[in-house]
Amino acid sequence: MDLKTFQAPTMSEALAEVKSTLGPGAVILHTRTFSRRGWLGLRRQEIVEITAGRSGNSGDRGARRPIPSRPRPSPLIAAPDRPLGMLSNSRQILESPAAQSAAMLGLTQEMTNIKGLVQDLVEQTRQQRLPNIPAEYHALYSRLVRNQVCQNLAADMIQTLHRQIRPEHARQSDFIRDKLLEQIEKLLPLGSPLVRGTKMGPHVVALIGPTGVGKTTTLAKLAANLKIRERCRVGMITLDTYRIAAIDQLGKYADLIESPLKVVSRPEEMSAALQAMKDCQFVLIDTAGRSPNDAMKLGELRSFLAVARPDEVHLVLSSTSSQQCVELALDRFGKVRSDKIIFTKLDEAAHCGVVLNIIRKTNKSLSYITTGQDVPKDIEVGGGRRLAQMILGSDDLGGGACQ
Ligand SMILES: Nc1nc2c(ncn2[C@@H]2O[C@H](COP(=O)(O)OP(=O)(O)O)[C@@H](O)[C@H]2O)c(=O)[nH]1
Ligand SMILES: [Mg+2]
């Protein structure tokens, strides 16, 4: 038999060469792929090699042998040392399972090459998109952005990290994670819990914010903690006159902790309500869940607060809201007054980056975060390592609540 070796960059090209040189009666004895250094040894190139021969019985040499009545095992790749020339029919050869698996081998090889090319392309695009992020920190940067930390802030944090970390530590993922958590913690100074000032009379705190963010629930948590843990005398005032259910909601908690609750429906009633609670150490004011778009009602809220003259106004925001909604609320309620920020529902938020973005943007203190519906348990002072961990998220790439 006339044996020849054919080399080509792909299986299909190699097969085509076999066919054109040896004719359709070619018998493939062996295939292999290997890589070869290219010009100047710079790039490696994949090569497919086929060893094939022309069978003595092939159609262009003479009379055909009858096709065996029983299908015979292929003499091709699977068993290269089988007697040659068993398959004389060229179609049979090229369509035989062995030829097909040779073609599959070629396809797999091509897929691997394409995958490599796509990976190179992704890395190149990333490098173009993130020119300021060193390659070894791309994954961490992407993780911050995926957790909704805004891109500029994430880039600043990574650059600070890059400056802090010596190259020999750049691959120690636990060490780097720790340094990043430290940085987040510094960006979110620990909020201080409610404390009475030195003035006489009650320390008055108002919670304001959009509807449904958790103002009433948070107020109940604060009141219960002050009363039960710190044994303070606490009074509550609600302006939530729009929804009877809301008054009932707070009334239930007021009963439970045996503290007074006053309902104030007009600014003129505010002074009397405060006067009635003059012996309390803290008075917490719950406000109606006004929409940040409702200018008239925000004006009304302002006039209630003008009379109450609270010592502190906390803007309550939900970490489940989009950055855009939170910014809108900040803008509108900021015009009323907001000294500190409370972020609620961290247990429900898929990503907690918004907390970091907003605290950095406003430079206000994060007084509390809330992490569930349980009164009084699910509230903690804002900041600290646990919050930093919620913001950075777990290694799990999927979404999920921050806790
Ligand atoms: N998962 C979760 N739900 C909360 C949290 N705080 C409040 N809620 C729920 O959010 C809903 C609205 O709360 P509410 O206090 O009435 O909101 P308000 O309209 O701002 O007074 C209620 O179902 C609360 O139980 C929290 O931290 N986590
Ligand atoms: Mg409410």
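Source: prediction; values computed, not measured. Every number for a ligand or one of its atoms is a count from 1 in the order of the listing.
E312 and H314 share a side-chain donor-acceptor pair at under 3.5 Å. Judged by distance alone, the side chains of Q148 and N357 never bring a donor and an acceptor atom under 3.5 Å apart.
Residues satisfying the salt bridge (charged side-chain N to carboxylate O under 4.0 Å, His left out) criterion with R231, sequence neighbours excluded, are absent altogether.
Note: an N/O pair closer than 3.5 Å links G214 and ligand 1 by distance alone. Ligand 1 has a nitrogen or oxygen under 3.5 angstrom from a nitrogen or oxygen of K345. Inclusion of D378 in the set of residues having an N or O under 3.5 Å from an N or O of ligand 1 is not warranted. Checked against a 3.5 angstrom limit, the closest N/O atoms of T211 and ligand 1 fall outside it. Some N or O of K215 is nearer than 3.5 Å to an N or O of ligand 1, by distance alone. Ligand 1 has no nitrogen or oxygen under 3.5 angstrom from a nitrogen or oxygen of T344.
Interface atoms of ligand 1 facing T217, defined by a heavy-atom separation under 4.0 Å, are 7 (C), 13 (O), 14 (P), 15 (O), 24 (C). Residue T216 approaches ligand 1 through these ligand atoms, each under 4.0 Å from one of its heavy atoms: 15 (O), 21 (O). Counting atoms of ligand 1 from 1 in the listed order, those under 4.0 Å from a heavy atom of T370 are 26 (C), 27 (O).
Under 4.0 Å from ligand 1, the heavy atoms of D347 that appear belong solely to its side chain. Neither the backbone nor the side chain of T218 has any atom closer than 4.0 Å to an atom of ligand 1 (non-hydrogen atoms only).
With a 6.0 Å cutoff to the six-membered ring centre and a 45° limit on the axis angle, R32 counts as a cation-pi contact of F34.
In summary, K262 and E269 do not engage in a salt bridge, as defined by a charged side-chain N under 4.0 Å from a carboxylate O.
To the nearest 0.5 angstrom, L284 atom CG is 9.5 Å from I237 atom CD1. One distance of note links CD of E300 with CG of L305; it measures 11.0 Å at 0.5 Å rounding.
The Mg ion (ligand 2) lies at 2.8 Å or more from every N, O or S atom belonging to Q249.
Considering only non-hydrogen atoms, atom 23 (O) of ligand 1 lies nearest to Q373 out of Q373, K221, Q249.
Within the structure, salt bridge (charged side-chain N to carboxylate O under 4.0 Å, His left out) contacts touching residues 147-160 (residues at least two apart or in different chains) do not occur.
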Would you check, one step at a time, whether the test salt bridge (Lys or Arg N to Asp or Glu O under 4.0 Å) holds for K361 with E327?
CA-CA 10 Å; K361 185 169 176 175; E327 288 193 6; 3.3 Å; yes
